[in-house]
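Structure, as structure tokens:
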Amino acid sequence: MSNFTNGGLLRDSCAFLAGDKNSFPCDMNMISVASLGLAAGGVSLLFVFYLMKSLQSHPRGNDLMNKISDQIKSGAKSFLKTEYYYLSYFIAGVFAALLILYSLDPPSAGGSRTDGIRYASCFVFGATLSAASGWYGMMVATDANVRTTQAAKEKGLSVALRVAFTGGAVMGFTVVGLGLFGLSLTFFLMTLGNTSMPLEIRMADAADTIAAFGFGASSIALFARVAGGIYTKAADVGADLVGKIEENIPEDDPRNPAVIADNVGDNVGDVAGMGADLFESYVGSIIAAMTLANHDIAKVTLPLWISGAGIFASMAGYFIVKVKDGATQKQLLNALLKGVIVASVLIIGLSALICHFLFLGRSQEGWYIFACIIIGLVAGILIGQITEYFTSYEFWPVQSITAAGITGPATVIIQGLGVGMISTVLPVLVIVATILGCDALASQYGIAMAAVGMLSTLGVTLATDAYGPVADNAGGIAEMAELDPAVREITDALDALGNTTAATGKGFAIGSAVLTSLSLLAAFAESSQVSSTDIRAPIVLSGILIGAMLPFLFAALSMLSVQKAAGAIIIEVRRQFAEIPGLREGTAEPDSDLCVAISTQSSVEEMILPGILAILSPITIGFLIGPSCLTGMLGGSIASGMMLALMMSNAGGAWDNAKKYIEIEGAAGGKGTETHKACVVGDTVGDPFKDTSGPSLNILIKLMSMISLTIATLLEGKEDWEEWYYGLIPLFVMVAGAYIVYHFFWKNIADIAAPIADIADIKNIEGEAEPEVGVEGPAE
């Protein structure tokens, strides 16, 4: 609840600082505050249409290439439709809960009964835009893949990079366009109504209400990341272990029944999942800064305007990215880095102008905040470069993993784990320096603005990340369409670059998640008026221990889910090779639809339990024990979540490129050697590390922080164990939900009963008797 002793507090405070409450920025109305966000968001969405037109000007290739591309798109659409169908029930349930809860106990200064519909509507709007960003980004990515293949075939490396990067840019600018436009519009709408209250109080209440927008975005991001990660890695692991190791056939070979599912997974996990993840980070950082603005109109406006300026800077960065044919991996990386640096330089200049105008009469404070924005930008670039060093095969860490493969898979895994662990040191030091520096300059608001600065150029940085799955799919299409090996060489070079940019993007996402989560934690502590955060207090320490445990539990559940789903794929691929005459020889076609169905069903089922724990844990702790324990829990989860996410993401990326180092550069004897097979095993272990568990952890810490901020007004002023009985409700739901999920899904050894039962629908064949999958043992 907003704390005002006088309706004119905001403008009086602004006048005290700036000199005249009737001059800019003190005299701004709410449409002025949201104006640049609305304008820049709208321009970003128009730019998306331009990018789509540009993409469509490139040809799609021959009929076989189009057939494969359409299969990938169809599988991706089927998965997202299934996922969103089940999530619609979750959204409806949370909508009803927020509506009832905040209607009965309205937290706004006026105590309006409309608070329920406001919070509930914000939640639905945030969830809808998050899902939409993933959907539209994925749709374009699955169209860009075949155009990239054709460009590599006819035009060479330079044009192929431009096509793939344009496909990724659609994802990037869709995320920032929908995110900034949606959040600006929501904030403006939430200031309407309650006309009996002064505008300043309505603005403060709106800043509290938009936490529900972030809650909706975070919820979709978690489910999209977990389900997409399980899907992509189950298919990838199954395809690689049976195809490469047991059947000794190339990656993306059309004889492999799981290869279509593998390529579908690249899109649902690394495009739709990553898009929803960074959509959440993007809006979450803005929400945290607005909440910590302490009702200062200049500080409320600043994150919206900085993010808007970042969209224009990112557009300029997009046009900078280009290379010459025959470029090395280092030159390709530098081309993408050049686009990011240009955008960063431009946003520094634009941020200086914005800070100058918004902080007239108190320039020192404005320049301190400007310094925090620069620190955030530099921190993001540094984390990206550190991640590149540990995950690119141009450098020693990845090369050392390849060298370890000479003595077998065990040493590959040992070396990769060591590289992953040591890779946490430098990013942590960068984040710590950012936190301490910004806290000294502008307190908690400065830390929040560092996160906004880091994410201000998300349009172009996400483009460099989302480009990777497009290039990966392009290589798969080239292999399955049996194009000239020179085409595959081009797509392999782009794919290796994509592996590095994906790892860099994950490091960037983790860094921004930590800064955003810390800001949300501070906003929660302020809004709930936490009585004690002394680490010596047993309740606070207990919360820290619970929070430190949760990322490990969450990562374990997602890893086990990948193992279960991958086991089902492996059994099915082995069955098809054993039972379909001519499949090994290439004279028969595999049943790819069944592998797609298995991955879809498994991933949707397996996302439920991690989601239940992530959403209900902070609610249970907050109401059962109290806000002090919840504050400790959030702090513990941020600390351990960052370490685990960095280790898993970087180790997985390093294992992946250790394999690519052999396949592309011919290191250690090249493909088909025992060293290569050892590195394939390492890559298989790393797949769920870097694409499922690791990336999901940054969403976990942001989601729990965002949920805590959403319920902060309900916990305001509460002492420990006060009204503890309300906490029994979410605790019961969490325990009952976990039991139900275990009973119906987790205790099943073979996670494929439902897809097998539905095989007649998949094939459109009525009454066909299908073989029972899972009866036969592993192929010898």
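For clarity, every value in this text was computed on a predicted model and none was experimentally measured.
Between Ala76 and Met138, the closest heavy-atom pair is CB-SD, 3.3 Å. Contact detail for Val176 and Gly459: the closest heavy-atom pair is CG1-N, 3.7 Å. The heavy-atom pair separating Met734 from Ser617 by the smallest distance is SD-OG, 3.9 Å. Here the closest non-hydrogen pair linking Leu646 and Pro427 is CD1-CB, 3.8 Å. When all heavy atoms are compared, the tightest approach of Gly116 to Ser103 is CA-OG, 3.4 Å. Between Ser527 and Thr291 the shortest heavy-atom distance is OG-CG2, 4.3 Å.
In this structure a side-chain-to-backbone donor-acceptor pair under 3.5 Å is missing from Thr232 to Gly228. Distance alone, capped at 3.5 Å, places no donor-acceptor pair between the Tyr282 side chain and the Val175 backbone. Of the possible donor and acceptor atoms, none in the side chain of Ser130 sits under 3.5 Å from a partner among the backbone N and O of Gly126. Between the side chain of Ser78 and the backbone N or O of Ser74 there is no donor-acceptor pair closer than 3.5 Å. At least one donor-acceptor pair closer than 3.5 Å links the side chain of Arg118 to the backbone N or O of Met190. When atom types are taken as modelled, the side chain of Ser184 and the backbone of Phe181 share no donor-acceptor pair closer than 3.5 angstrom. Of the possible polar contacts, one joining the Ser69 side chain to the Thr142 backbone as a donor-acceptor pair under 3.5 Å is found. The backbone N or O of Thr461 lies less than 3.5 Å from a partner atom in the side chain of Thr464, making a donor-acceptor pair. At least one donor-acceptor pair under 3.5 Å links the side chain of Asn263 to the backbone N or O of Val259. Using modelled atom types, one side-chain atom of Ser637 and one backbone atom of Leu634 make a donor-acceptor pair closer than 3.5 Å.
Looking only at side-chain heavy atoms (C-beta outward), Tyr119 and Leu99 stay at 4.5 Å or farther from each other. Leu613 places none of its side-chain heavy atoms less than 4.5 Å from the side chain of Phe554. Counting heavy atoms from C-beta outward, Val573 and Cys595 have side chains that approach closer than 4.5 Å. In this structure, Ser307 and Ser456 have side chains that are not in contact, with every pair of non-hydrogen atoms separated by 4.5 Å or more. Contact of the Tyr84 side chain with the Leu87 side chain is registered, since non-hydrogen atoms from C-beta on lie closer than 4.5 Å. Annotation: side chain of Glu83 is in contact with side chain of Leu80 (closest heavy-atom distance under 4.5 Å). In this structure the side chain of Leu550 reaches within 4.5 angstrom of the side chain of Met704, judged on heavy atoms. With a 4.5 Å cut-off on side-chain heavy atoms, Pro695 and Met274 do not count as touching.
To the nearest 0.5 angstrom, Leu630 atom CG is 7.5 Å from Ser528 atom OG. Considering CG of Leu129 and CZ of Phe125, their distance stands at 4.5 Å, rounded to 0.5 Å. Between atom CG of residue Asn698 and atom CD1 of residue Ile638 there is a gap of 12.0 Å, rounded to the nearest 0.5 Å. The line from CD1 of Ile431 to OG1 of Thr424 is 12.5 Å long, rounded to the nearest 0.5 Å. Here the straight-line distance linking atom CD1 of Ile621 with atom CG of Leu715 works out to 11.5 Å at 0.5 Å rounding. The distance from the CG atom of Leu709 to the CD1 atom of Ile287 is 8.0 Å, given to the nearest 0.5 Å.
Using a 30° and 60° split on the angle between ring planes, Tyr85 and Tyr89 fall in the perpendicular class, above 60°. Between Trp655 and Phe689, the ring planes are perpendicular. Angles over 60° get that label, and only those under 30° would be called parallel.
Under the rule for a side chain to side chain donor-acceptor pair (under 3.5 Å), the partners of Ser218 that lie at least two apart in sequence or sit in another chain are Glu280. With sequence neighbours left out, the side chain to side chain contact (heavy atoms under 4.5 Å, CB included) criterion links Leu45 to Leu178. Scored by the side chain to side chain donor-acceptor pair (under 3.5 Å) test, Ser281 finds Lys702 as partners (sequence neighbours excluded). For Ser558, the side chain to side chain donor-acceptor pair (under 3.5 Å) partners two or more places apart in sequence, or in a different chain, are Ser693. Shown here are the side chain to side chain contact (heavy atoms under 4.5 Å, CB included) partners of Ser314, two or more places apart in sequence or in another chain: Phe173, Thr457, Val460. For Asn267, the side chain to side chain donor-acceptor pair (under 3.5 Å) test picks out Asn473, with sequence neighbours left out.
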Hey, mind stepping through Phe213 and Phe187 against side-chain contact (heavy atoms from CB on, under 4.5 Å) and telling me if it holds?
CA-CA 10 Å; Phe213 183 97; Phe187 176 73; over 6 Å; no
Before giving the answer on side-chain contact (heavy atoms from CB on, under 4.5 Å), spell out for Ile699 and Val226 the whole-Å C-alpha distance, their side-chain angles and the decisive distance to 0.1 Å.
CA-CA 10 Å; Ile699 305 177; Val226 172; over 6 Å; no
Ring pair (Phe, Tyr, Trp, His ring centres under 6.0 Å) between Tyr726 and Phe623: does it pass, once the steps are laid out?
CA-CA 6 Å; Tyr726 288 121; Phe623 285 104; 7.3 Å; no
Could you walk me through whether Leu98 and Ile117 pass side-chain contact (heavy atoms from CB on, under 4.5 Å), step by step?
CA-CA 8 Å; Leu98 291 175; Ile117 193 63; over 6 Å; no
List the steps and the verdict of ring pair (Phe, Tyr, Trp, His ring centres under 6.0 Å) for Phe79 and Tyr231.
CA-CA 9 Å; Phe79 167 78; Tyr231 186 112; 5.1 Å; yes
Determine, step by step, whether Met52 and Asp143 satisfy the side-chain contact (heavy atoms from CB on, under 4.5 Å) criterion, reporting the C-alpha distance in whole Å, the side-chain angles of both residues, the deciding distance to 0.1 Å, and the verdict.
CA-CA 10 Å; Met52 292 172 66; Asp143 181 57; over 6 Å; no
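Remark: Tyr136 OH is loosely packed, at most 12 non-hydrogen atoms of other residues, nucleotides or ligands lying under 6.0 Å away.
A ring-centre distance under 6.0 Å is found for Phe90 and Phe223.
With respect to the salt-bridge test (charged N to carboxylate O, under 4.0 angstrom), the residues Asp236 and Lys233 qualify.
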